[in-house]
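We count ligands from 1, going down the list as the structure has it; atoms in each ligand are counted the same way. Counting begins at 1 with the first residue of the sequence.
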Amino acid sequence: MKRLKVFVAGATGVLGRVVVPELCARGHEVIGLARSDSNVDLLQKLGAEPVRCDLFAAKSLEAPMRGCDVVLHLATSIPFKRRPRLGDFSLNDRIRTEGTRNLLAAALRCGVKRFVQQSIALLHSGHREAWADEEGPLGDHPPYASAIEMERTVWQSHGLEGLSTVILRGGWFYGPTAIHTRRLFGALRRGMLPVMGSGENHWSLIHVDDMATACVAAAEAPAPSQLYLVVDDEPARVKDLFAHIARAQNRRPPLHAPAWLVSLLAGPLAREMLAASYRCRNRRIKRELSWKLAYPTYREGVAAVLQAWSEEA
Ligand SMILES: NC(=O)c1ccc[n+]([C@@H]2O[C@H](COP(=O)([O-])OP(=O)(O)OC[C@H]3O[C@@H](n4cnc5c(N)ncnc54)[C@H](OP(=O)(O)O)[C@@H]3O)[C@@H](O)[C@H]2O)c1
């Protein structure tokens with residue numbers, strides 16, 4: 001395997017903190033984007049060379065990217081409000097649109113050969129029982145419009161200046177260091193999160209460690225496809241997932257609540273997110289990139305998260 005020089009935007013995030021050591025362990029040189037002194041220290045500890053720059057300062061990206069073979073765009077800014085509104089996603093939208101354009105422009109100017117873009121399998125939401133593969137129809141949801149625009153920008157750059165682009169549509173990801181995982185598990189432990197409606201809808205999930213190995217595989221592959229779904233083997237019905245997480249914490253399965261009540265308590269956006277249904281397949285990435293799951297279903301993944309927390313405690 002050729003030693004790659006990889007620029008990682010979002011190196012300090014939940015996903016980036018797993019991707020960076022994985023790349024280093026495989027012998028690659030990693031340049032990680034840092035926006036604070038504490039993240040400079042963090043990236044040094046993880047084995048990367050930190051560079052102080054910002055996705056919105058287009059010029060700042062070019063110098064550190066020079067000589068890189070691969071760029072990974074894993075940056076994001078998902079709001080953690082209990083009652084999120086559409087406007088709370090504006091920074092995240094900007095990272096996906098302006099941030100992606102800036103990274104791509106710098107990559108093209110610097111002669112980068114591979115651009116890997118993290119995206120969301122949630123784009124396939126809206127097709128309750130039907131399975132989706134990469135060519136499956138996308139839903140039409142305002143919160144995901146910026147992800148669609150981001151993907152389009154990446155597609156349009158494919159082939160320019162010898163750049164190959166790869167989009168990874170990741171499932172709803174979870175892991176021991178993700179705040180939303182702590183929130184979900186905590187709410188189910190306290191009996192504070194109901195299943196909305198029948199809970200028959202599907203979520204396609206992915207443990208963050210498996211998302212990370214997919215990012216590395218996309219960086220290394222000699223001739224990857226332009227788009228992969230990165231999800232585990234068993235999309236979960238929300239009622240089964242929530243019941244499993246509650247039981248794994250020695251609690252009873254949650255009660256069910258009507259959508260109008262969820263909307264009243266948590267807001268319409270939370271209702272829409274809980275109602276999402278996407279049942280995605282992972283055949284292409286397994287076949288083409290020989291990608292193997294460490295956590296093939298949420299059952300192994302939930303056990304691993306709880307194990308990690310108990311060791312931490
Ligand atoms: N959570 C999910 O269920 C899920 C599912 C599928 C896909 N994804 C995607 O996976 C990716 C990684 O998510 P994550 O959970 O690892 O995110 P995260 O923990 O919130 O990390 C976000 C990262 O983006 C960086 N960032 C934010 N604003 C920036 C800016 N202006 N310039 C440069 N860097 C900036 C952050 O840097 P600082 O440390 O400096 O803030 C941090 O490294 C995202 O693309 C997300 O949309 C998430």
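- Contacts between Ser119 and ligand 1 below 4.0 angstrom, taking non-hydrogen atoms only, involve the backbone exclusively.
- When non-hydrogen atoms are compared, ligand 1 lies under 4.0 Å from the side chain of Ile95 (C-beta onward) but not from its backbone.
- For Trp291 and Tyr228, the gap between ring centers reaches or exceeds 6.0 Å.
- Only the side chain of Leu33 comes within 4.0 Å of ligand 1, judged by heavy-atom distances.
- The distance criterion of under 3.5 Å between nitrogen or oxygen atoms is met by Phe173 with respect to ligand 1.
- To the nearest 0.5 Å, the span separating SG on Cys110 from CG on Asp69 amounts to 12.0 Å.
- Of all protein heavy atoms, the one lying nearest to atom 31 (N) of ligand 1 is Asp54 OD1, 3.3 Å.
- Ligand 1 has no nitrogen or oxygen under 3.5 angstrom from a nitrogen or oxygen of Ser77.
- The protein heavy-atom contact nearest to atom 45 (O) of ligand 1 is Gln118 CG, 3.3 Å.
- In terms of N/O distances under 3.5 Å, ligand 1 is approached by Leu15.
- At the shortest separation from atom 35 (C) of ligand 1 among protein heavy atoms lies Arg35 NE, 3.7 Å.
- Within the listing of ligand 1, atoms 15 (O), 16 (O), 18 (P), 19 (O) sit less than 4.0 angstrom from a heavy atom of Val14.
- For an aromatic pair to be called close, the ring centres must be under 6.0 Å apart, and His207 with Tyr174 satisfies this.
- Note on Glu49 versus Lys5: no salt bridge recorded, every NZ/NE/NH1/NH2 to OD/OE distance being 4.0 Å or above.
- For the ligand labelled ligand 1, residue His180 lies inside the 4.0 Å heavy-atom shell.
- No salt bridge links Arg299 with Asp232; every basic N to acidic carboxylate O contact stays at or beyond 4.0 Å.
- When the heavy atoms of Thr76, Asn102, Leu205 are ranked by distance to atom 27 (C) of ligand 1, first place goes to Thr76.
- In terms of protein heavy atoms, atom 37 (O) of ligand 1 is closest to Thr12 OG1, 3.3 Å.
- When the ring-ring contact (aromatic ring centres under 6.0 Å, His included) test is applied to His180, the partners found at least two apart in sequence or on another chain are Trp172.
- When heavy-atom distances to ligand 1 are checked against a 4.0 Å cut-off, Phe56 comes that close only through its side chain, counted from C-beta outward.
- Of the N and O atoms on the side chains of Thr76 and Asn92, at least one donor lies less than 3.5 Å from an acceptor on the other residue.
- The part of Asn39 lying near ligand 1 is the side chain, judged by heavy-atom distances below 4.0 Å.
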